[in-house]
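Here the structure is laid out as structure tokens; the discussion comes afterwards.
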Amino acid sequence: MNYRSKRSIKSTVGIAAAVMLLAGCGGSDIESRTEDTEKDDALQLQQNIEEQDRAAAGSEEQSEQSGQFGQQGQAEEQGQSGQQGQSEQGQPPQQSPGGESGGRLPGRLDAGRILEEQSFQVKLNDWGEVRFVSYEPDHTGENPLEDVTFYLLRGEEILYQFPYIGTEDTSDYGMYYDVKFVMFTDTNADGKEDVVIGAEYMTGAGPQGAIPHVVVRIYENYGDHFTYNEGFSDKINDYLPWESNVLAKDVKRLIQLTGGNGPLTDYESYSGKWRVSTGYAAAYEETAPVSRNELTCQISNGNEFSGSLYTEQGMTQRIASVDEITGTIQNGELFYDFTDDGWGGTGTLHIMFLPNQINVDVLNYQMAEENVSGYGISGMYEMKIRE
């Protein structure tokens, strides 16, 4: 398989041409440009990328991202898109790209563009045994902003192409970078397995323009076709911080919390190290945050919490912490009384598990009389970034 050099793309998109090219993605206020100018700049950007990739030929760099749920998820009902009339089971008629009727699918896929680590054998009842394929865009083509494509195959025969989510075969989110995960799960409680994809893009605009960020798309299963649920996808994406390491389990939790399918009872997806967001500066390794506030948590048996809260003052490097926090999460909350924060301070931690962040509010804080520094664990901490 031919892998693109992610490093070369990441460095190239940061140039000035890319900054102007992808204006408008992610809400940037940059003057709009004509379509011809955008395509010219995009082609130049792509040439730069290809030159860097050729210079790095022979490297063994592999994609670091993997779908965490795709191999386990099994869809039950799924089929073709937009074709009027019914086909015999297991033999869907040919469809045009995007699921529109009246055209035909491409005859064969280029094996070098298939993302093997994000392609899975699944059993879908309208189609039987099929292969879900993630297919990278052609970076040598006329449209450098072409989006990643997804297909259902039986053998080498293309049965179905999932619709693009943007205009002119693009995503409208910027330049495609990678597919981070694919999972098959019921997003709307209709008994059918839907397809949820986390694709990464770079906008080229603003201080984070060359930082890949995850955009979730949800394809709902209607038996003979899949429909992109733009509203629900946007709702999920609104909860995803740009800097965060978004995982499939995070998105699955967000779907459960925001889709109206009942209260969350399994909190294990919150396990990990969370920290307070430092904004755009957090995206750059050379920029150290002025302070460090971290919550480390491990959740087992659905809602049994153990962990620690750590804070460090940037200028003085004073450290305070509450260790060995334990308790049971109930209705999205956990209360824990602590007797020493490292400076003799006492109080109660009110830990709140929100859709995609954890807030820690220190209640009834009492500073020790011998603490002349005035430092300790107090106030409110909004943990939005999970490492």
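Only heavy atoms go into these numbers, but all of them, side chains included; no hydrogens, no water, no symmetry mates.
- How far NZ of Lys384 is from CZ of Arg275: 13.0 Å, rounded to the nearest 0.5 Å.
- A donor-acceptor contact under 3.5 angstrom links the side chains of Asn245 and Lys180, judged on distance only.
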**Message:** Walk me through whether Ile211 and Met202 qualify under side-chain contact (heavy atoms from CB on, under 4.5 Å).
**Reply:** CA-CA 6 Å; Ile211 306 299; Met202 293 183 289; over 6 Å; no
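- Between Tyr173 and Thr203 the shortest side-chain heavy-atom distance does not fall below 4.5 Å.
- Shortest non-hydrogen contact noted between Val251 and Phe181 is CG2-CZ, 3.5 Å.
- The backbone N or O of Glu200 sits nowhere less than 3.5 Å from a side-chain atom of Asp178 that would complete a donor-acceptor pair.
- Residues Ser269 and Arg253 bring a donor and an acceptor atom of their side chains to less than 3.5 Å of each other.
- For the ring pair (Phe, Tyr, Trp, His ring centres under 6.0 Å) test with Phe132, the passing option among Tyr160, Phe226, Phe184 is Phe184; the others fail.
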**Request:** Give the C-alpha distance, both sets of side-chain angles, the deciding distance and a yes or no for side-chain contact (heavy atoms from CB on, under 4.5 Å) between Leu349 and Val362.
**Result:** CA-CA 5 Å; Leu349 300 180; Val362 182; 4.0 Å; yes
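- Side chains of Asn356 and Arg386: no donor on one and acceptor on the other come within 3.5 Å.
- Counting heavy atoms of neighbouring residues, nucleotides and ligands inside a 6.0 Å radius, atom CD of Gln317 does not exceed 12 of them.
- For Lys235, the salt bridge (charged side-chain N to carboxylate O under 4.0 Å, His left out) criterion is met by no residue, not counting sequence neighbours.
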**Prompt:** Could you walk me through whether Glu116 and Arg131 pass the salt bridge (charged side-chain N to carboxylate O under 4.0 Å, His left out) check?
**Reply:** CA-CA 11 Å; Glu116 296 291 347; Arg131 187 184 183 202; 2.5 Å; yes
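- Here the CG-CD1 distance, from Asp341 to Ile377, works out to 5.5 Å after rounding to the nearest 0.5 Å.
- How far OG1 of Thr149 is from CD of Glu136: 10.0 Å, rounded to the nearest 0.5 Å.
- Counted by atom type alone, Tyr310 and Arg292 present one or more donor-acceptor pairs between their side chains at under 3.5 Å.
- Between the side chains of Glu333 and His350, a donor-acceptor pair is found at a separation under 3.5 Å.
- Side chain to side chain, Glu268 and Tyr270 fail the donor-acceptor criterion of an N or O pair below 3.5 Å.
- At a threshold of 4.0 Å, the pair Arg113-Asp110 does not count as salt-bridged, since none of the basic side-chain nitrogens sits closer than that to a carboxylate oxygen.
- Between Trp343 and Ala368 the shortest heavy-atom distance is O-CB, 3.5 Å.
- For the salt bridge (charged side-chain N to carboxylate O under 4.0 Å, His left out) test, residues two or more places apart in sequence or in another chain that qualify with Glu156 are Arg108.
- When all heavy atoms of Asn237 and Val216 are compared, the closest pair comes out as OD1-N, 2.7 Å.
- Annotation: side-chain hydrogen bond (donor to acceptor under 3.5 Å, both in side chains) contacts of Tyr375 (sequence neighbours excluded): Thr311.
- With hydrogens and angles left out, the side-chain atoms of Gln366 and Asn364 include no donor and acceptor closer than 3.5 Å.
- Between Phe232 and Asn188, every side-chain heavy-atom pair lies at or beyond the 4.5 Å cut-off.
- Side-chain contact between Phe305 and Cys297: present, with at least one pair of heavy atoms (C-beta onward) separated by less than 4.5 Å.
- Nearest heavy-atom pair across Ala199 and Arg217 is CB-NH2, 4.5 Å.
- Looking at Tyr239 and Thr258, their side chains come closer than 4.5 Å, going by heavy atoms from C-beta outward.
- Here the side chains of Thr316 and Gln313 are in contact, with some heavy-atom distance below 4.5 Å.
- Between Ile158 and Leu109 the shortest side-chain heavy-atom distance falls below 4.5 Å.
- Distance check, rounded to the nearest 0.5 Å: CG of Leu264 to CD of Gln256 gives 5.0 Å.
- Distance check, rounded to the nearest 0.5 Å: CD1 of Ile165 to OG of Ser233 gives 7.5 Å.
- Considering OG1 of Thr170 and OH of Tyr164, their distance stands at 9.5 Å, rounded to 0.5 Å.
- Of the possible donor and acceptor atoms, one in the side chain of Ser134 sits under 3.5 Å from a partner among the backbone N and O of Gln118.
- Partner of Asp194 under the side-chain hydrogen bond (donor to acceptor under 3.5 Å, both in side chains) criterion, chosen from Asn229, Thr187, Thr227: Thr187.
- Pairing each heavy atom of Thr265 with each of Asn303, the nearest pair is O-CB, 4.5 Å.
- Applying the side-chain hydrogen bond (donor to acceptor under 3.5 Å, both in side chains) rule to pairs touching residues 320-331 yields Glu304-Thr328, sequence neighbours excluded.
- Here the side chain of Ser378 pairs no donor or acceptor atom with the backbone of Tyr365 at under 3.5 angstrom.
- Residue Met383 comes nearest to Asn293 through the heavy atom pair SD-O, 3.7 Å, listed as atom of the first residue, atom of the second, then distance.
- In summary, the side chains of Asp172 and Thr167 do present a donor paired with an acceptor at a separation below 3.5 Å, with no hydrogens or angles considered.
- Under 3.5 Å, the side chains of Tyr201 and Asp147 contain a donor-acceptor pair of N or O atoms.
- Partners of Tyr151 under the ring pair (Phe, Tyr, Trp, His ring centres under 6.0 Å) rule, at least two apart in sequence or in another chain, are Tyr135.
- Residues Phe335 make up the rest of the hydrophobic cluster containing Leu363, defined by ILVMFWY side-chain heavy atoms closer than 4.5 Å, directly or through other members.
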